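Note sheet for the following structure.
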Amino acid sequence: MIHYKTSEEVERIKESADILGRAHGAIAKEVKEGVKTSFLDKIAEEFIRDHGAVPSFKGYNGFPSALCISVNEVVVHGFPSAYELKDGDIISIDCGVFHQGFHSDSAYTYPIGEVPPSVLALLNATKDSLYLGIEQAVFGNRIGDIGHAVQKFVEAKGYTVVRELVGHGLGRNLHESPEVPNYGKKGSGPLLKQGMVIAIEPMINLGTRNIVQEKDGWTIRTADRKPSAHYEHTIAIFEDRTEVLTTHKYIEENFKF
Ligand code: MG
Ligand code: MG
């Protein structure tokens, strides 16, 4: 069942998303070579709690941390750890905030130092595919239009789309209906209606689309251990417009590219 939000509820999600955007900015200041990924998690959790909110992921189905931190071949759901970022890594930081009864969710993949041009191109294409997906996320279109736009764009560049993990509705729950795949047929799937709030989150691989789950029960990595990128926004559909509720603005202001 899809929960359609009132405009007032969307406003509350926007407030949650504002804390999330600024949490990402606080994290971005610390993302650099030599930093332990557990330190980034600490920054995020403190920032979120200092703003009267709760990290959505911590405790979700037993997940141990505020952030999912996924380095290089890890697609999503990696744990923050004692690992220190090194030159040439890419790091995906996924964060969720729960505030006034509503969740928001967004992710960004950073390059650390000198990253091979082929990997930087993967990051740029994945980010571009997110916005192409958002362009299709308009009233009267269907969920399949979003995935079709993402898939067509990235596959034309020789990349592959992870199938097993998808975007999602969200609101009072972190994951709600509908699923929002990053692949699909034009004109297929649920109709996009006023009050739908969804997270669009392409997970795009440099090599094979196949993934493997590590024995920890969470970490998802590429089967061929080639890099994977992930960008995510939470958006709201209105009859006359689509609003991107989350922002990467503070990341791009604070991270030293
Ligand atoms: Mg997320
Ligand atoms: Mg999500």
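Being a predicted model, the structure only gives us computed values, none of them experimental. As the structure lists them, so they are numbered: ligands from 1, and atoms in each ligand from 1.
- In plain terms, the two heavy atoms of E232 and D94 that are nearest each other are OE1-OD1, 3.1 Å.
- Taking the six-membered ring where the residue is Trp, W218 and H77 present perpendicular rings, their angle passing 60° and hence far from 30°.
- Residues I200 and L192 share a hydrophobic cluster, clusters being chains of Ile/Leu/Val/Met/Phe/Trp/Tyr side chains in contact below 4.5 Å.
- For the Mg ion (ligand 2), the neighbouring protein N/O/S atoms at less than 2.8 Å, given as residue and atom, are D105 OD2, H168 NE2, E201 OE2, E232 OE2.
- Using a distance-only test at 3.5 Å, with no hydrogens or angles considered, no donor-acceptor pair links the side chain of D145 to the main chain of Q136.
- Taking the six-membered ring for Trp and the full ring otherwise, Y131 and H233 have centroids separated by under 6.0 Å.
- Hydrophobic clustering (side-chain heavy atoms under 4.5 Å, transitive across Ile, Leu, Val, Met, Phe, Trp, Tyr) keeps I204 apart from V212.
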